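Below: one structure, written as structure tokens.
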Amino acid sequence: MSTDSLPVELKYWPIKRYMDTYKKSVDNIEEFWEQEARKLDWFSTWDRVLDWDIPFAKWFPGGMLNASYLCVDKHLKNWRRNKVAIYWVGEDGEEKTLSYLQLHKEVNKLAAALQEMGVKDGDRVAFYLPMIVELPIAMLACARLGAIHTVVFSGFSSQALADRINHTEANVVITADGGFRRGKIIELKSIVDDAVKDTPSVKKVLVVKRTGHDIEMQEGRDVWYHDVVRHQEKTVPPLPVESTHPLFILYTSGTTGKPKGIVHSTGGYLVYINSVYRTVFNIQEDSVYWCNADIGWVTGHSFIVYAPLLNGASIVMYEGAPDYPTPDRWWQIIEDYKITTLYTSPTAIRMFMALGEKWVKKHDLSSLSILGSVGEPINPEAWMWYFKNIGGERCPIVDTWWQTETGGIMISPAPGIGLVPLKPGSATFPLPGIDVDVVDENGKPVPDGVRGYIIIKKPWPGMALTVYKDPARFKETYWTRFPGAYYAGDYCMRDDDGYLWLLGRADEVLKVAGHRLGTVELESAMVSHPSVAEAAVASKPHEIKGESIVVFAVLKEGISPSDELAKELRTHMRNTVGPFATPENIYFVTKLPKTRSGKIMRRVLKALVAGQSIGDISTLEDKASVEEAKQAFEEFQRLTKK
Ligand code: WTA
């Protein structure tokens with residue numbers, strides 16, 4: 001890894017100047033965040049800035065606000081009422097534009113319809129939707145009523161959807177008849193039908209007509225979205241909620257088999273994402289901003305819906321596949337809408353790199369001024385390609401490090417304040433108010449150039465309230481390993497200039513095409529197949545997706561390995577978790593490498609599939625002896641030899 005600065009001059013701030021501003025903010029976080037909180041319109045102000053009872057933070061307790069009001073109604077007070085809120089592009093070429101005034105109308109209609117169905121303050125509503133305008137509309141309609149939304153990425157299986165509906169006890173599910181992907185229809189409604197067979201809490205399923213093809217509607221339970229909103233005339237006043245009122249629950253994978261329902265607040269969360277959005281993307285009144293994540297993940301929640309709309313920005317939303325019908329679809333959209341700010345993932349960049357520059361060269365991308373990256377470490381080659389070919393060497397790249405749990409961006413260049421000189425592959429410095437350190441296993445800061453764990457030493461307003469229905473897990477997962485600090489589960493290194501280099505997960509979480517997947521979750525999906533006795537999941541470096549999934553499976557007595565079975569197991573994983581969790585390879589073995597205490601040595605598997613030697617494995621968290629690891633590795637190699 002080269003830690004050299006970029007050989008191109010942008011308008012930079014000296015590092016010291018940025019660090020002085022930064023230091024002032026972290027020396028007095030309450031003062032800093034109170035200033036940021038004043039940038040939102042609250043119905044009534046807070047009693048205190050922070051109640052900090054580690055690990056539970058209450059930001060701005062006593063303050064009352066409403067997310068739907070702040071994202072929509074507020075903009076009706078001035079000329080922005082006629083500004084475009086959402087430019088929507090369907091995969092099939094259909095286009096829609098919604099001004100803030102129109103968005104307000106749609107949100108109110110749906111809020112009224114939901115109210116009619118009995119949805120009220122504190123209720124949970126689950127979504128299983130493609131990237132259509134009804135998705136942000138529905139999020140804002142829930143927020144308007146004080147209802148808590150839980151968006152399930154539409155690539156998850158019916159079982160994963162059912163688990164999330166049951167865990168939140170949602171009474172309404174909002175879905176569509178289908179979605180378009182690469183010209184084909186994704187049958188969302190039939191997946192929902194499967195899921196709600198076992199979800200007693202669900203009273204109504206609201207169905208958006210997107211594709212118009214035939215689907216089954218169950219009398220009494222299923223209702224068409226257009227039917228219930230059509231007759232709604234009244235506006236629904238946004239319900240003032242307390243700052244700590246949950247805005248949403250979003251499930252994410254961790255180190256156990258059960259995904260965690262991360263709960264975000266209303267006040268702290270909105271203050272936080274509003275602040276970092278301005279700092280990182282330097283949004284101006286005439287910016288046209290496009291984040292092409294899926295709203296089913298946290299990036300879409302924070303940086304497609306809430307932060308941009310809070311800021312009265314014009315956003316672009318695209319429904320379909322990036323390279324459909326031709327590999328220049330994205331560049332066409334940028335040219336068509338004169339997009340100024342693009343926020344995407346390293347996986348997408350690497351995919352376009354592989355498709356070649358000719359697709360980019362066909363389009364005028366000169367409207368772009370800032371480029372963002374999120375979801376996984378960006379390798380310097382992809383960074384440089386993005387910088388040169390998409391940004392024309394004039395747009396700073398903001399490599400933004402953060403997590404579902406952090407609510408918003410934590411480490412990133414900050415052109416909205418002062419851009420520090422960039423280094424391809426480094427997320428640079430923490431944002432104001434975020435007190436970060438890199439430590440060893442004992443919590444001691446590591447010297448520059450040495451890999452350690454990234455921790456956050458002070459609370460911040462965007463931090464999750466808790467894990468839904470499991471506060472003990474919140475404490476144990478994030479706040480116990482390094483007492484008093486937040487453990488993120490990522491490796492990091494600080495270089496001689498103080499730049500931070502995020503080096504991937506230090507735990508059993510995979511990042512496949514930027515999608516977060518827990519190994520244990522995948523393993524339990526695998527052993528739920530009747531032929532599998534035991535399974536271990538590892539990841540293997542993948543040129544485009546960053547990582548891909550490799551499964552080692554031990555079959556039950558009497559079952560023989562075969563190509564058909566491998567195919568069947570692959571399908572089983574798709575059906576149990578979702579198509580984005582399809583394994584790249586499945587190896588049949590008779591034994592898994594384990595420590596003496598019976599723990600599967602995934603690091604050994606990882607080294608094996610990556611073609612590394614045991615010596616390349618970090619000793620940072622390997623509690624097992626190297627000798628033990630070596631023996632297991634050699635034995636494993638012998639077993640896997642054809
Ligand atoms: C990884 C996505 C390196 C990291 C917003 C983190 C990154 C996990 C970056 C959270 C980045 C995200 N550089 N790694 N810029 N951004 N990550 O919850 O491992 O889906 O812990 O949130 O993504 O994934 P999540």
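Counting starts at 1 for both ligands and their atoms, following the listed order. Small disclaimer: the values here were computed from a predicted structure and weren't measured.
Ordered by chain and residue number, the residues placing a heavy atom less than 4.0 Å from ligand 1 are Val298, Thr299, Val374, Gly375, Glu376, Pro377, Asp399, Thr400, Trp401, Trp402, Gln403, Thr404, Asp490, Leu502, Arg505, Lys511, Arg516.
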Please table the atom pairs, donor to acceptor, closer than 3.5 Å between any side-chain atom in residues 406-420 and protein atoms at least two apart or in another chain.
unit_1: Thr406; atom_1: OG1; unit_2: Gln403; atom_2: N; d: 3.1
unit_1: Thr406; atom_1: OG1; unit_2: Gln403; atom_2: O; d: 3.0
unit_1: Thr406; atom_1: OG1; unit_2: Gly408; atom_2: O; d: 2.9

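A salt bridge links Asp437 with Lys457; the closest basic N to acidic carboxylate O contact falls under 4.0 Å. A salt bridge is absent between Arg481 and Glu476: the closest approach of a Lys/Arg side-chain nitrogen to an acidic carboxylate oxygen does not fall below 4.0 angstrom. In summary, Glu405 and Arg516 engage in a salt bridge, as defined by a charged side-chain N under 4.0 Å from a carboxylate O.
The closest donor-acceptor contact from the side chain of Ser539 to the backbone of Glu547 lies at 3.5 Å or more, if one exists at all.
Note: Tyr251 and His167 have perpendicular aromatic rings, judged against thresholds of 30 and 60 degrees for the angle between ring planes.
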